[in-house]
Every structure is written in structure tokens, then in C-alpha cells.
There are 2 protein chains.
Amino acid sequence: MTAAQGSGRGRTKSTGAPATGRTHDPEGVKRNILEVATREFAAKGYSGARVDEIAAKTATSKRMIYYYFRDKEGLFVAVLEEAYSGIRRIERDLDLGDLPPADALRRLTEFTFDYQNAHPDFVRLVMVENIHDGEHLERSERIQSLNVSVIDVLEAVYRRGVADGVFRAGIETLDLHMTISALSFFNVANRATFSKIFKCDMRSDESLAKRRSQVAETVVRYVRKAAL
Amino acid sequence: MTAAQGSGRGRTKSTGAPATGRTHDPEGVKRNILEVATREFAAKGYSGARVDEIAAKTATSKRMIYYYFRDKEGLFVAVLEEAYSGIRRIERDLDLGDLPPADALRRLTEFTFDYQNAHPDFVRLVMVENIHDGEHLERSERIQSLNVSVIDVLEAVYRRGVADGVFRAGIETLDLHMTISALSFFNVANRATFSKIFKCDMRSDESLAKRRSQVAETVVRYVRKAAL
DNA sequence: AACGCATTGTACCATTCGGTTCAAAATCCC
DNA sequence: GGGATTTTGAACCGAATGGTACAATGCGTT
């Protein structure tokens with residue numbers, strides 16, 4: 001919060017370096033603010049995050065936060081929107097090719113697991129939002145309108161599996177998705193308390209790889225039609 | 001925050017009713033504060049909870065909070081300790097009788113699922129603590145010393161299942177517990193966002209019962225030795 | 001019946017926090 | 001190249017917040 005900003009912001013008048021930094025770069029400024037705010041809200045929760053501190057870690061000033069996002073709540077909603085569109089975008093591009101249903105389901109699960117692990121900030125924001133009963137999520141039209149494509153992908157895989165006779169019938173896609181989410185989410189969300197209480201490491205590459213395959217196995221076994 | 005406290009606290013001098021309320025009742029006062037604080041921290045997170053508001057909802061005053069718990073952090077740690085000893089106490093008394101391993105595992109899972117559902121405040125406190133990277137949990141000797149008896153119970157059931165040839169070998173108890181926790185936790189923790197995004201109800205008795213049996217089924221299928 | 005300690009209430013304080021004022025500077029567009 | 005508009009910064013503000021000073025009251029003990 002000291003050196004990163006201040007007097008010499010590297011895009012001032014005299015040296016005249018319009019190369020990278022335009023002096024007016026609204027999108028860049030907004031993006032910058034959102035990135036910093038994402039980290040702060042994820043790290044300290046909604047109330048714990050301080051607008052002043054977010055501003056300090058930004059290349060711009062507090063004034064700009066209020067200029068672009070109106071107030072703290074507006075900023076948080078924007079952060080949430082960004083975070084949610086992140087996964088949705090990736091989910092949409094998820095291509096399971098023509099894998100056999102069980103393999104496709106396994107891959108989809110592992111993908112979810114990996115995504116959550118790679119994006120702890122997203123996971124934490126979801127936690128924060130849940131503490132607040134999803135009130136911000138409710139307020140955002142943009143999030144409401146993001147259609148959840150995982151469900152479709154998952155549905156297709158499941159149907160294929162049932163048709164092939166490898167999956168048992170009667171499972172609802174949403175329930176299946178909930179299982180996948182729950183197992184993936186927990187590993188990131190409850191890492192701190194769980195690992196402290198049970199004195200284990202949940203972040204090492206080995207633990208992650210191991211857990212990842214367990215989660216996938218759990219999901220597949222849940223839908224697989226029992227042999228015999 | 002209005003009528004519940006104020007002038008007539010029902011235990012004042014003149015009417016002299018020593019029946020219930022002793023004027024000096026440290027334990028009662030502490031308990032009262034902890035109850036209120038639990039609700040507040042669970043509802044609004046650590047930073048979002050206000051000491052003044054907790055005090056206002058108490059039968060006593062802010063002064064007492066600082067007198068007994070030193071500061072806001074001390075209060076939160078005490079709240080966490082209470083919450084954790086809650087489950088531990090129940091876990092300890094969990095008796096699975098001589099149920100066949102699969103049934104015992106199912107019951108243990110359902111028990112965990114039910115407990116979390118019956119104690120959303122506990123779940124939320126764990127979320128809050130995770131947002132803060134478990135720093136308070138680390139500080140509490142009392143929590144550190146609470147031994148986690150579920151693991152022993154689970155271990156016993158699992159071993160019995162392997163011995164009986166109904167469970168496959170090679171599963172670590174801790175991993176199994178993580179699966180049970182994850183599936184139970186999610187339903188309470190992410191209720192708000194999940195139900196809003198997928199437009200479903202996760203609190204009705206039917207959904208809960210349905211989900212409960214799915215979770216148990218998921219766990220059992222994970223450990224059960226595949227027929228054939 | 002009075003001492004001393006645990007317990008409680010009131011009023012208050014310093015700081016922090018979200019948010020704003022006011023005006024300057026840079027840019028765009030003609 | 002100049003005026004309207006957008007973008008930015010520093011200082012400032014009132015309310016809220018965590019925490020305390022101080023005094024007082026009740027209680028068990030002797």
C-alpha cells in the first residue's frame with residue numbers, strides 16, 4: 001500500500017509515454033479496481049474489507065471507486081458479477097468430446113474440482129455472499145440472467161449414460177450437480193478449519209490429486225448402475 | 001433491540017424475586033451473551049457483527065462483554081469454542097449400536113447431515129472462521145484440545161465393514177469423514193446462493209429428506225465393495 | 001455491620017469508516 | 001485550439017465502532 005501507488009504513477013504528463021497507459025482508460029481503471037476489490041472482499045469478507053484499503057491498493061483513488069461503482073455495495077455486486085461470469089464462461093466452453101459417459105462425468109467433476117481450487121477467491125466470495133443470505137446476488141440482474149450451462153452439459157452426459165445402460169435412472173441432474181459442487185467446494189472453503197482440526201495438509205499437490213480422484217470416484221459411483 | 005431489554009429486567013431489587021434471577025449470576029450472564037453473540041456473528045460475520053448491537057440484544061450491557069470476554073475477538077473465540085464443543089459433545093455420545101456396517105455408516109452420515117441442518121449457526125460460524133483463515137481457532141487451546149471423536153467412531157465402522165467384506169479396503173477414515181462433512185455442510189452453507197441460482201428450495205422437509213438419503217447413499221456407495 | 005471483591009451501569013473517547021465536497025487536470029470532439 | 005465532458009485527487013465530514021474510565025451496587029465473609 002505504499003510503493004505501488006503515489007506520486008509517480010508512470011503515466012503522467014511530462015514524460016509523455018502514451019504507449020501503454022492512456023490517461024483516460026475507464027475500462028482499465030474499472031478492471032483494476034475490481035481485481036483489488038475481489039481480493040479484499042475474498043480475504044476479509046464484506047464488512048471486513050475497507051474501501052480505503054481497496055483504494056490504496058489500486059492504481060487509482062477512492063474517488064474513482066465511488067465514481068464507477070456508486071458505493072461499497074455496488075462494488076461488491078460488481079465483484080460478484082465478475083466472479084460468476086468467470087465460471088459460467090468456462091463452463092460454457094467445456095467440451096467433453098465423445099467420451100464414454102462415465103469418463104465424461106469423471107472429467108466434468110475433476111474440472112469443477114480444479115476450477116474451484118484454482119479460484120479460491122471465487123469460492124470465498126460465494127461464502128461471503130452466503131453469509132449475507134445472497135442478498136446481493138438477488139439484486140444483480142446480470143447474475144440472474146447468466147444461464148447455468150453446466151446443468152445442460154451434465155444433463156446430456158447423464159442421459160447418455162442412462163441410454164448406454166451404465167448409469168442408473170432416476171437421478172436428477174441438479175442433485176448430481178450439487179454433489180459435485182459440494183465435494184469440490186468444501187476442499188477450498190473449509191480448508192483452514194478442517195486442516196487445523198485434523199492436522200492435515202489440504203493444499204499440497206499430492207493431497208489435491210488424491211482428493212480429486214476420490215471426489216470423481218465418489219460421483220461416478222453414485223450414478224453408476226451397480227454391476228449385477 | 002427494543003423491548004427485550006431496558007429498565008425492567010425482571011430481576012431488580014425491590015420486587016425481590018430471588019427465585020430465578022440472582023443479581024449476581026456470572027454464568028447466566030456469560031451464557032446470555034454467548035447466545036446472542038453466536039446469532040450475531042453467524043448472521044453477519046465477524047466484522048459485520050457489532051458489539052453494541054450484541055450488547056443491546058443482551059439482558060446486560062456492553063461493559064459486561066468486555067468484562068468477561070476482554071474484547072471482540074475474545075468474544076468470537078468463546079463463541080467458536082462453544083459451537084465446537086457442541087458437536088463434539090454429541091459426536092461423543094453417538095451410539096451406532098451393533099448395526100451392520102453399511103447401516104451404521106448410513107446412520108452416521110444422516111446424523112451429521114441432520115446436525116448441520118439443525119445448527120445453521122454452527123455452520124455459518126465455521127464459514128466465518130474459514131474466511132478468516134482459522135486464525136481464531138488457532139488461538140484457542142480449548143478447541144485444539146477437543147479431540148475429534150467422530151473419527152474413531154467412523155474408523156470402527158469402516159474397519160468392521162472391511163472385515164465383513166462389505167467395504168472395500170484402502171480408504172482413509174479422514175477422507176471418508178471429509179466426504180460426509182462436505183456433502184452435509186454444503187446444504188446449509190450454500191443454501192442461499194445455490195437455491196437462488198437454480199431456483200429451488202433447499203429447506204423444505206421434502207427436499208431435506210430427499211437430499212439426506214442421497215447423501216447417505218453417496219457415502220455408502222463410495223465405500224461399498226462392488227458386487228461382482 | 002462492615003470490609004473487600006466480584007459485578008454492573010453510564011457516560012465518554014479516539015479512531016475508523018463509508019461517503020462527499022470542491023476544484024483541478026486531462027481528453028475528446030468539433 | 002478551445003470548450004464541454006470525463007476523470008482524478010486531497011481534504012474533509014458525520015456517524016458508527018471498538019473500547020474505557022469511573023463510579024457504584026450487591027454479595028459473601030468475618
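Note that the coordinates shown come from a computational prediction; the quantities given were computed from them, not determined experimentally. By convention in this document, chain letters (A, B, ...) are assigned in the order of the sequence lines, proteins followed by strands, and residues within each chain are numbered from 1.
With a 6.0 Å radius and a threshold of 12 heavy atoms from other residues, nucleotides or ligands, A:D205 has its CG atom at or below the threshold.
Interatomic distance, B:K30 NZ to B:L75 CG, rounded to the nearest 0.5 Å: 12.5 Å.
Looking only at atom types and distance, the side chain of B:D121 has no donor-acceptor partner in the side chain of B:T38 under 3.5 Å away. There is a side-chain donor-acceptor pair under 3.5 Å between A:T179 and B:R211.
Computed from coordinates, the A:D71 CG to C:dT20 P distance equals 8 Å when rounded to whole Å. A:F69 has its CZ atom 12 Å from the P atom of D:dT8, to the nearest Å. Rounding to whole angstrom units, CG of residue B:D52 and P of C:dC13 are separated by 16 Å. To the nearest angstrom, P of D:dT7 lies 15 Å from CG of A:N32. Distance, B:E73 CD to D:dT17 C1': 15 Å, rounded to whole Å. Per the geometry, CZ belonging to A:F41 stands 13 Å off P belonging to C:dC17, to the nearest Å. Taking atom OH of residue A:Y66 and atom C1' of nucleotide D:dC12, one finds them 14 Å apart after rounding to whole Å. Between B:E27 atom CD and C:dA6 atom C1' there is a gap of 13 Å when expressed in whole angstrom units.
In this structure, B:R63 reaches the bases: a heavy-atom distance under 4.0 Å links it to at least one base atom across the strands shown.
With hydrogens and angles ignored, a donor-acceptor pair closer than 3.5 Å exists between the side chain of B:K62 and the base of D:dG19.
Phosphate contact (OP1/OP2 of C:dG9, side-chain N/O of B:T60, threshold under 4.0 Å): present. In terms of phosphate contacts, B:Y67 brings no side-chain nitrogen or oxygen within less than 4.0 Å of OP1 or OP2 of C:dG9. Dashed line: the shortest gap from a side-chain N or O of A:R50 to OP1 or OP2 of C:dG18 is under 4.0 Å.
The side chain of B:K72 approaches D:dG19 more closely than any other nucleotide in the set C:dG18, C:dG9, D:dG19.
The residue among A:Y46 and B:M64 whose nearest nucleotide of DNA chain C lies closer to the 5′ end is B:M64.
Although no hydrogens or angles enter the test, the distance criterion places no donor-acceptor pair under 3.5 Å between the side chain of A:K196 and the main chain of B:Q144.
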